[in-house]
Amino acid sequence: MGLFLVGIGIVFVQYLWGSYQRAALMNTWVETPCVIETAQIDDSELNQRGVTKYILEVTFGYEFEGQSYVSNRLKRLKVEGSDPKKITQKLKEFPAGTETACYVNPDDPAFAVLKKDSKAGLYTIWFPCLIIVGGGGMILTALFRRS
């Protein structure tokens with residue numbers, strides 16, 4: 001059981017650390033002015049339970065190093081949900097024609113987002129570390145238990 005807990009803890013630590021690293025990398029991206037061209041909700045897909053999946057689609061244009069680009073990424077991953085009210089609330093944040101800032105990946109200027117990823121992975125990494133410590137304690141107890 002101790003080995004299982006240590007293994008699961010390590011998997012989650014790696015996942016959360018990778019999540020944090022992707023978010024931290026976005027801090028090196030260049031903040032650039034952009035204009036929101038369109039904002040709409042796509043309800044043409046179903047989720048794995050057969051319920052309508054609402055996807056927020058925002059298209060914006062920006063210039064980077066003299067080149068014009070268009071992106072459709074609000075965040076690195078799609079913003080979607082099964083509650084149309086929540087997605088509609090988010091849609092109101094991005095009216096067409098609004099001038100705002102976007103974040104451009106300098107290594108791939110065609111890749112830009114309106115919102116950076118959260119660094120919450122680093123703030124929650126302590127929990128799987130506790131699982132690793134607990135599993136390690138179980139292993140040590142099993143190895144050094146006096147009969």
Side-chain angles (χ1 to χ4, degrees), residues 1-34 36-62 64-65 69-95 98-147:
M1 182 67 166
L3 285 173
F4 174 75
L5 289 175
V6 168
I8 289 293
I10 288 171
V11 168
F12 280 110
V13 164
Q14 288 176 334
Y15 173 78
L16 292 171
W17 181 250
S19 172
Y20 167 73
Q21 286 182 315
R22 284 188 298 276
L25 183 62
M26 285 185 159
N27 282 341
T28 65
W29 291 15
V30 180
E31 185 174 330
T32 305
C34 64
I36 296 175
E37 296 174 359
T38 63
Q40 61 189 17
I41 298 173
D42 177 14
D43 61 356
S44 63
E45 295 182 37
L46 301 177
N47 66 14
Q48 63 268 30
R49 293 175 292 165
V51 177
T52 302
K53 178 171 33 172
Y54 300 93
I55 302 171
L56 180 58
E57 295 179 341
V58 178
T59 305
F60 57 95
Y62 60 97
F64 186 75
E65 296 180 347
Y69 295 94
V70 175
S71 179
N72 62 355
R73 294 187 176 270
L74 178 60
K75 296 175 90 176
R76 189 176 54 83
L77 300 174
K78 289 182 182 179
V79 175
E80 58 185 45
S82 58
D83 184 359
K85 290 179 184 176
K86 288 182 181 178
I87 299 297
T88 303
Q89 280 298 105
K90 290 182 182 184
L91 177 68
K92 291 178 184 177
E93 296 176 31
F94 305 100
T98 304
E99 292 185 19
T100 187
C102 61
Y103 303 94
V104 180
N105 182 349
D107 297 330
D108 181 10
F111 193 94
V113 296
L114 288 174
K115 292 188 170 195
K116 294 180 183 179
D117 286 354
S118 170
K119 295 180 188 159
L122 183 65
Y123 311 135
T124 56
I125 205 165
W126 63 270
F127 186 71
C129 287
L130 279 179
I131 293 173
I132 293 170
V133 169
M138 292 172 82
I139 293 168
L140 291 174
T141 300
L143 291 175
F144 298 108
R145 179 179 287 161
R146 293 183 189 171
S147 300

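We number each residue from 1, following the sequence as shown.
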Given M138, which partner from the list L5, L143, V6 fulfils the side chain to side chain contact (heavy atoms under 4.5 Å, CB included) test?
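Among L5, L143, V6, the one that satisfies the side chain to side chain contact (heavy atoms under 4.5 Å, CB included) with M138 is L5.
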
Identify the heavy atoms of [X] and [Y] that sit nearest to each other, and give their distance.
X    : Y    : result
A23  : S118 : CB-O, 3.3 Å
C34  : A101 : SG-C, 3.8 Å
F64  : T32  : CD1-OG1, 4.1 Å
G121 : L16  : O-CB, 3.7 Å
F12  : P128 : CB-CB, 3.8 Å

Return the [atom1] to [atom2] distance between [X] and [Y], rounded to the nearest 0.5 Å.
X    : Y    : atom1 : atom2 : answer
K90  : K115 : NZ    : NZ    : 7.0 Å
F127 : I132 : CZ    : CD1   : 11.5 Å
I55  : I87  : CD1   : CD1   : 9.0 Å
I36  : L74  : CD1   : CG    : 8.5 Å
Y62  : T100 : OH    : OG1   : 14.0 Å
K86  : L56  : NZ    : CG    : 14.5 Å

Can you find a heavy atom in the side chain of [X] that is under 4.5 Å from one in the side chain of [Y]?
X    : Y    : value
K119 : N27  : yes
V13  : C129 : yes
F60  : L114 : yes
E57  : T38  : no
P106 : W29  : yes

Backbone N or O of Y15 within a donor-acceptor pair of the S19 side chain at under 3.5 Å?
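Flag not set: sc S19 to bb Y15 has no pair under 3.5 Å.
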
I'd like to know if the side chain of T98 and the backbone of F94 have a donor-acceptor N/O pair within less than 3.5 Å.
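Between the backbone of F94 and the side chain of T98 there is no qualifying donor-acceptor contact (under 3.5 Å).
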
side-chain contact (heavy atoms from CB on, under 4.5 Å), that's the test. Do V113 and M26 meet it? Break it down for me.
CA-CA 10 Å; V113 296; M26 285 185 159; 4.2 Å; yes

How about NZ on K53, more than 12 heavy atoms from neighbouring residues, nucleotides or ligands closer than 6.0 Å, or not?
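Yes - once you tally the heavy atoms of other residues, nucleotides and ligands closer than 6.0 Å, there are more than 12.
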
Working note: I125 + Y20, criterion side-chain contact (heavy atoms from CB on, under 4.5 Å); need CA distance, chi angles, decisive distance, verdict.
CA-CA 10 Å; I125 205 165; Y20 167 73; over 6 Å; no

Candidate pair D117 and R76, rule salt bridge (Lys or Arg N to Asp or Glu O under 4.0 Å), full reasoning:
CA-CA 7 Å; D117 286 354; R76 189 176 54 83; 2.7 Å; yes

